[in-house]
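Okay, structure first, notes after.
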Amino acid sequence: MVTRRLLNPWTSRRQKGRSHLLRLSPVKAAVAQVFPWTRSPSLAFPWMMQWGTPDSRHRTGNIIKLTGSLILGGSLFLTYEALALKKSLTLDTQVVEREKMKSYIYVNTVPIDKRENHGILYQARKELHKAVRKVLATSAKILQGPFADTFSTVDLEDHECAVWLLLQKSRSDDRAARMQAVQEMLAARHWHDYQYRMIAQACDLRTLIGLARSKESDLRFFLRPPRLPSLKEDSTIEEELRHLLASLPQTELDECIQYFTSLALSESSQSLAAQKGGLWCFGGNGLPYAESFGEVPSAAVEMFCLDALVKHSEISTHCDKIEANGGLQLLQRLYQLHKDCPKVQRNIMRIIGNMALNEHLHSPIVQSGWVSILAEAMKSQDIMEASHAARTLANLDRETVQEKYQDGVYVLHPQYRTSQPIKADVLFVHGLMGAAFKTWRQQDNDQVLNEKVSEDETRYTTCWPKTWLARDCPSLRIISVEYDTSLSDWRARCPMERKSIAFRSNELLRKLRAAGVGDRPVIWVSHSMGGLLVKKMLLEASRKPELSTVINNTRGMIFYSVPHHGSHLAEYSVNVRYLLFPSLEVKELSKDSPALKTLQDDFLEFAKDKNFQVLNFVETLPTSIGSMIKLHVVPVESAVLSQVT
């Protein structure tokens, strides 16, 4: 047997000066003849035969290892950051699609680990995220194209992505950016219902209040109030109101607060006894209650409780108690049940407005759903309803409003946020038996009202300062104040409340200063006893250095039928019901009253020294008091201011 040996054409090598022959298969030999470089690695990679010394080869290996490690580490870092950013910006598409058809979109926020907020790693991540967000914002606002990469898994249209950018902008640390975000939300006219709900669900308190105080706001921006908790078993709203009132402090209170509280608790006890016992009984103030207790007595008892709560809500610590005991929800239930009773709703608004004076209660008020109710009331054609809502929202708005409007101080214009600079304040102060709104109405005309032309504000208005003056002079802030007055102690809301002109003027001056009156030029407009209050307020302010701005910024005043020299009203005895026991206000208006004469003399000297501009009007027609009496409350000779022209 003959054995052939073939030279190994591709694996033969030199080792210690000798050539070695290896046994090969015929196939491999054929391949080697066709592809000569496969015979030896040195033919394909000549550099492998020239590595040099062992030390140089070792150093080269270290360099390769280091380079590979850097490349691998960098790749892992970029991959991690890309995944983290994608996770933070990716939305659940199933939620989006599902909520398009029905309800709200809930966004799960990813908290940032505080330990990552330092070092080079944090700065690198911050810059990377900033760059990506800038690209996304540019794509949405300039190119109007869909988001790429991080939003590629979300089925969103261009304007849907803009919603989230606006929400982010509304939370900016820059106040101007937040204000602009609100304006851009208001300018959107192409959004669907679910997109408004996205804003309502995700926006913060400042943005929500800003939307509510904007004239162009869409009510879809506001979620409906949450479901109210059920009443306790065998309990009524009257009982809940009574429990809420009884839970408030009852000691060391003003006499009127004690009076209203005791009256409400007494009436509610009689009311509940009548309902549960089915017997005839009499209330604490002599009101008869029928056997089948109807709506009228029930509404009366609720009004007693609300009157007491209005007084309690003027005390900050009592507001905390009202909120802690579920008062916000209870008042909301009562508000919804009495949609046909504006007086009940206005009293409830007064309570919420007083509570809004305390900034730590803003969050509970918003969370309980009151903002949507207030935003709807702001759009009401009823001036009183809109003004009460405007006061509450202004007290909630700490973004654009520095002033605080206490009970009885109402801004008639501007009631919404405005870019119009305010150049001056005009204050309206009503007189005896007047009010902040009804005193300044146009003459009552049943025919006009029946024809419903009151909607045309150019022909008829229920409050001309808000309707006509605001339209003619939009750069004014118009404020109307309200305080309780009565002709007789028989009809006083609080028999213990015997407030003199001096007391009322100090009280009003304190409230007006809290509203920022005196920070800009002021013009005073007053009617009847209101003119006496204005004169007394200015004299009091001139004696207090901290109120000097009120005097320095007073530019003038207008008096409508003000009894500068007193009135014969207290001397009339035509109707015993009104004037058998005249109130303190009426007594102070008596002809030739010493206090009134002193006030007149002091004011004339003061006005002359300050060179105030004064415009004085007198009345020539009688005023109706009740259904049977017509008289000149302020005679012409009493309304003349004399030396000031």
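Values in this document were obtained by computation on a predicted structure and should not be read as measured data. Numbers here simply count residues along the sequence, with the first being 1.
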Distance only, no hydrogens: is a donor on one side chain within 3.5 Å (strictly under) of an acceptor on the other, for [X] and [Y]?
X      : Y      : result
Asn347 : Asp307 : yes
Gln415 : Lys215 : no
Thr317 : Asp320 : no

Under a 4.0 Å threshold between the charged nitrogen and the carboxylate oxygen, would Glu184 count as salt-bridged to Lys169?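 Here Lys169 pairs with Glu184 in a salt bridge, since their nearest N and O are under 4.0 Å apart.
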
Using the rule side-chain contact (heavy atoms from CB on, under 4.5 Å), only one of Leu533, Val481, Val534 pairs with Ser526; which is it?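 Single pass found, and it is Val534.
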
His564/Phe559 aromatic ring centres below 6.0 Å: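 Aromatic pair counts; centres sit under 6.0 Å.
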
Over all atoms of both residues, closest heavy-atom pair of [X] and [Y]:
X      : Y      : result
Ser313 : Cys319 : O-SG, 3.0 Å
Gly434 : Thr439 : CA-OG1, 3.3 Å
Thr392 : Ala356 : O-CB, 4.0 Å
Pro465 : Trp440 : CD-CB, 3.5 Å

Val550 side chain near Leu512 side chain, heavy-atom distance below 4.5 Å: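 Of all side-chain heavy-atom pairs linking Leu512 with Val550, none is under 4.5 Å.
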
How about Lys379: does its NZ atom have over 12 heavy atoms from other parts shown lying under 6.0 Å from it?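 Count over threshold, so yes.
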
Crowded around Glu376 CD? As in, over 12 foreign heavy atoms under 6.0 Å?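 Counting neighbours around CD of Glu376, 12 or fewer heavy atoms of other residues, nucleotides or ligands fall under 6.0 Å, so no.
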
Name the orientation class of the two ring planes belonging to Phe617 and Tyr560 (parallel below 30°, tilted from 30 to 60°, perpendicular beyond 60°).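 The arrangement is parallel - the two ring planes meet at less than 30°.
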
Applying the side-chain hydrogen bond (donor to acceptor under 3.5 Å, both in side chains) criterion to Gln406, which one of Arg391, Glu507, Arg510, Glu314 satisfies it?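 Single pass found, and it is Arg510.
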
